[in-house]
Amino acid sequence: MPIVTLPDGSQRAFDQPVTVDEVAASIGPGLRKAAFAGRVDGKLVDTSYVIAADAKVEIVTDKDPEALEIIRHSTAHLLAQAVKELFPDAQVTIGPVIEDGFFYDFAYERPFTPEDLAAIESRMRELAQADQKVHRRVLSRDDAVKFFTQLGEHYKAEIIAAIPAREEISLYGQGDWVDLCRGPHVPSTGKLKAFKLTKIAGAYWRGDSRNPMLQRIYGTAWVDKKQLDEYLHRLEEAEKRDHRRIGRELDLFHLQEEAPGAVFWHPKGWLIFQTLIAYMRERQRAAGYEEVSAPELMDASLWRQSGHLEKFGDSMYLTQTPDERLYAIKPMNCPGHVQIFKHGLRSYRELPIRLAEFGKVHRYEPSGALHGLMRVRAFTQDDAHVFVTEEQIISESVAITRLLLDIYRDFGFDDVKIKFADRPPQRVGADDTWTRAEEALKAASLAAGIEYSLNPGEGAFYGPKLEFVLRDAIGRDWQCGTLQVDLNMPGRLGAYYIDEHSHKRTPVMLHRAIFGSLERFFAILLEHHAGRLPAWLAPVQAAVLTITDRQDEYALKVAETLKNQGVRVVTDLRNEKVGFKIREHTLQRVPFLLVAGDKEVAANLLSVRTRSGKDLGTMSAETFLERLRVELESRGRRTWED
RNA sequence: GCCGGCUUAGCACAGUGGUAGUGCAACGGUUUUGUAAACCGUAGGUCGGGGGUUCGAAUCCCUCAGCCGGCACCA
């Protein structure tokens, strides 16, 4: 005789076991209709779940955040059902919920086509409209394996066979279609109203490139049409921020067939790039770094010694010269920096030695990995290697972490997450060395007062690392900075210093990058700001626009004044209406538009407008300069309005 | 690297076997203009490269490259 306690504290007694559905019905027919699932003593269950004993019960409706997950999961099932109906020979595998949607992987004799996708989606709509009841049953593990083997679902049988024998297996289905699933699911397919299949792609079985490739179908699903439309709108907005598109529109850079994965920087793009370097150069100088430059091309033996050739040889550019020597184009800066460290005898009194380089490296990335500026084959790292004693690891790591986070704030990235990546399966060095390195990095994190999440097995082959992940304006995460503790490489490359007892000691090397790849960071900035870079980074900071040719002389004079003060300014004297000029320079994301008409000329003023359309009124060139300077010097953290 | 899609003028795109098109940009002219697109005209293409089928290919087939979306990889 269960007594059910509802979230508001009220209780209802039933004289026999009841389902969640019946509990909902007892409260009201509207709630019953709205019920997606239930939460019984905190556990999510189907509406068909039978409550036999006293319990706390909640009815999950579309207002509940859990509902979305259930909808997506059930929509994945709907997808699998539709595929099995249209393509009976396809085998089902897995179909998890992911961010904003779900996917389902199928094994099928041929890839699905876009036409198949449309057909599958319309079948899904029919099945949803049929409002089929979702049923659940439970089998033993072995019976479930037998069941799916009989159906010819070998992948599914393999998945279930890996589950411990004692566990019960729940099967969900609708119509005569059935799948293994933990649940819970919506009570009937009619609850699935707002979904869309988005893309088809290949994906390896169990994520291993040695396995056969399956056909993956991606989809998105929401509580209602409005949310679905909002999501699709979000995708469109993200597309407008695409750095490849902005790069073309603003004439910043291009890529072309003859140099896959290598960037042709145009004047405006290169100006931004150099501004980033100048900024970092100054920050590093202030933090005690010394800038160096190591050769692009070094004998392959050096890379054999470092271990890079063995681990990454396939992705290194090698070149045989007429003297029969084999050279490698550097894919990393560390061996070069170690050579500089090694040149001459080093004393413990010199440590820490901080060597920084804006090093251009080349890596033969797999063709399928290339992606605009985000993943290229030739890129520039703001790479530094700090040589320290073991005792200095913590203090130096703390200093690096602080520098990193402070620099990110200058770019408007206040939301930074940190991951700790420990030893990978393939690595160099002894296990106790690794333990020391990992412990040191953990201690440093603690001392720096930062919190991290674990990223197991993802460390570099020579040491553990902290990974710094930035969240951009539309909520996407980008891993940029890294700090690695390396107790292996200096020894392999024969680096040592003389300690206070005149003994040779191997230094510890801290690898750190803040932007990571400058090309990639550039792309992230473009997308973060949607091309509207803060004035200190904008390639053109102001445009002087005339209304008629009567103002030409004045405009040129004003521009000259601003230019002499270091402002990146252009004039637009074209025979066009001012509205047209404003439109063009706004689309070019020029932060300030300075309009000069007869009135401004007469009063020796400028009418100032921002790219966001705000009218800042009229002022002299000197006043404009003064206020622009505040914005530039604060790197955009203090804007005009402050 | 693997699976799929795409590649037509500077850019965005139309053109499914029969004379390569539209808009924007460019160029020339008219217009002297007040805060997100004035008007008229002109020029611009080995339809990604190579090969094949066909009387005839942007269009069908093969192949290579690049790009796009995933997967795998990412020192």
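A, B, ... follow the sequence lines: proteins, then strands. Residue 1 opens every chain.
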With a non-hydrogen cut-off below 4.0 angstrom, is A:K599 in contact with a base, only sugar-phosphate, or nothing? base

A:E258 CD to B:rG49 P, straight-line distance once rounded to whole Å: 12 Å

Considering every strand shown, what is the Watson-Crick or G-U wobble mate of B:rA75 when both distances are under 3.5 Å? none

Would you indicate whether A:K311, at its atom NZ, is surrounded by more than 12 heavy atoms from other residues, nucleotides or ligands within a distance under 6.0 Å? yes

Opposite nucleotide pairing with B:rU32, Watson-Crick or G-U, both atom distances under 3.5 Å: none

Heavy atoms only, 4.0 Å cut-off, all strands: where does A:V578 land among base, sugar-phosphate and nothing? sugar-phosphate

Distance check needed: B:rA75 P versus A:Q484 CD, whole Å only. 8 Å

Taking atom C1' in both B:rA43 and B:rG21, what distance in whole Å separates the two? 16 Å

With sequence neighbours excluded, give me every salt bridge (charged side-chain N to carboxylate O under 4.0 Å, His left out) pair touching residues 330-341 of chain A. A:K330-A:E357

If you only use heavy atoms from C-beta on, which nucleotide in B:rA75, B:rC71, B:rU35 is closest to the side chain of A:A203? B:rC71

Pairing partner of B:rA65, by Watson-Crick or G-U wobble and under 3.5 Å for both distances, is B:rU7

Between A:H385 and A:H337, what is the ring plane arrangement, given parallel below 30°, perpendicular above 60°, and tilted in between? perpendicular

If you check every side-chain atom of A:H308, which of B:rU35, B:rA38, B:rA75 has the closest atom? B:rA75

At 4.0 Å (heavy atoms only), tell me whether A:T198 reaches a base, stays on the sugar-phosphate, or touches nothing. nothing

Between B:rC74, B:rU32, B:rC11, which nucleotide has the shortest distance from any of its atoms to the side chain of A:D549? B:rU32

Kindly determine whether A:N604 and A:K557 satisfy side-chain contact (heavy atoms from CB on, under 4.5 Å), including the steps that lead there. CA-CA 11 Å; A:N604 200 24; A:K557 193 193 86 196; 4.0 Å; yes

May I ask you to evaluate whether A:K465 reaches the phosphate of B:rA75, defined as a side-chain N or O under 4.0 Å from OP1 or OP2? yes

Can you tell me how far P of B:rC74 sits from CD of A:E467, to the nearest Å? 12 Å

Hunt down the Watson-Crick or G-U wobble partner of B:rU46, both distances under 3.5 Å, from any strand shown, or write none. none

Let's see if you can work this out: which of B:rA37, B:rG4, B:rG69 has an atom nearest to the side-chain heavy atoms of A:R583? B:rA37

Side-chain N or O of A:K577 versus OP1/OP2 of B:rA38: is the shortest distance under 4.0 Å? no

Parallel, tilted or perpendicular: rings of A:F264 and A:H254 (30°, 60°): parallel

With sugar-phosphate meaning primed atoms plus P, OP1 and OP2, does A:G516 contact a base, only sugar-phosphate, or nothing at under 4.0 Å between heavy atoms? nothing

Quick one: does A:Q381's side chain have a donor or acceptor within less than 3.5 Å of a partner on A:G516's backbone? no

Give a yes or no on whether A:Q426 atom CD has more than 12 heavy-atom contacts from other residues, nucleotides or ligands under 6.0 Å away. no

Does B:rC27 have a Watson-Crick or wobble partner in any strand here, with both distances under 3.5 angstrom, and which is it? B:rG41

Residue matched to B:rG21 through Watson-Crick or wobble contacts both under 3.5 angstrom: B:rC13

Please report, rounded to the nearest Å, how far the P atom of B:rC24 is from the CG atom of A:D251. 21 Å

What nucleic acid atoms does A:S315 come within less than 4.0 Å of, heavy atoms only: base, sugar-phosphate, or nothing? base

If you measure from the C1' atom in B:rG50 to the same atom in B:rA65, how many Å do you get, rounded? 11 Å

Rounded to whole angstrom units, what separation is found between the CD atom of A:E576 and the C1' atom of B:rG28? 14 Å

Given B:rA75, B:rC73, B:rA36, the nucleotide with the shortest approach to the side chain of A:R609: B:rA36

May I ask you to say what A:G597 touches in the nucleic acid, namely base, sugar-phosphate or nothing, with a heavy-atom cut-off under 4.0 Å? base

If you check every side-chain atom of A:F461, which of B:rC3, B:rA75, B:rA12 has the closest atom? B:rA75

Figure out the NE2/P separation between A:H362 and B:rA75, and round it to whole Å. 19 Å

Ignoring backbone atoms, establish whether A:S209 has a side-chain N or O less than 4.0 Å from OP1 or OP2 of B:rC2. no

Separation between the C1' atoms of B:rG70 and B:rG23, rounded to whole Å: 33 Å

Nearest to side-chain heavy atoms of A:F580, which nucleotide of B:rA25, B:rG69, B:rC67: B:rA25

So, does A:R244 get its side chain near the phosphate of B:rG69, meaning an N or O under 4.0 Å from OP1 or OP2? yes

Check this one for me: any side-chain N or O of A:Y218 less than 4.0 Å away from OP1 or OP2 of B:rC71? yes

Across the strands shown, which category fits A:P366 at heavy-atom distances under 4.0 angstrom: base, sugar-phosphate, nothing? base

Tell me what A:Y462 touches on the nucleic acid: a base, only sugar-phosphate, or nothing, going by heavy atoms under 4.0 Å. sugar-phosphate

Just do the side-chain contact (heavy atoms from CB on, under 4.5 Å) check on A:R609 and A:L616 with the steps written out, would you? CA-CA 6 Å; A:R609 174 192 162 110; A:L616 300 178; over 6 Å; no

Could you work out the separation of B:rC61 and B:rG4 based on their P atoms and round it to a whole Å? 15 Å

Distance between P atoms of B:rG41 and B:rU46 (Å, rounded): 26 Å

What distance, rounded to whole Å, do you find between the two P atoms, one in B:rU7 and one in B:rC24? 23 Å

Atom CG of A:L587 and atom C1' of B:rC11 are separated, to the nearest Å, by 13 Å

How far, in whole Å, is B:rC6 from B:rG49 if one measures between their C1' atoms? 16 Å

Between B:rG66, B:rA75, B:rC67, which nucleotide has the shortest distance from any of its atoms to the side chain of A:A460? B:rA75

Assess whether atom CD of A:E310 is packed by more than 12 heavy atoms of other residues, nucleotides or ligands within 6.0 Å. no

Can a side chain N or O of A:R363 be found less than 4.0 Å away from OP1 or OP2 on B:rC73? no

Name the closest nucleotide to the A:R248 side chain, picking from B:rC71, B:rA75, B:rA12. B:rA12

Which is more 5' along RNA chain B, the nucleotide nearest A:G613 or the one nearest A:A201? Just name the residue. A:G613

Please work out if A:D598 contacts a base, only the sugar-phosphate, or nothing of the nucleic acid, heavy-atom cut-off 4.0 Å. base

Select one nucleotide: of B:rG69, B:rG1, B:rA75, the one nearest the side-chain heavy atoms of A:M316. B:rA75

Classify A:E600 by what it touches in the nucleic acid, base, sugar-phosphate, or nothing, heavy-atom distance under 4.0 Å. base

Could you tell me the separation between the CD atom of A:E109 and the C1' atom of B:rC3, rounded to a whole number of Å? 16 Å

Counting just side-chain N and O atoms, does A:H585 come under 4.0 Å of either OP1 or OP2 of B:rU35? no

Looking only at atom C1', what distance separates B:rG34 and B:rG15, rounded to whole Å? 43 Å

Should the pair A:W222 and A:Y231 be assigned to parallel (<30°), tilted (30 to 60°) or perpendicular (>60°) ring geometry? tilted

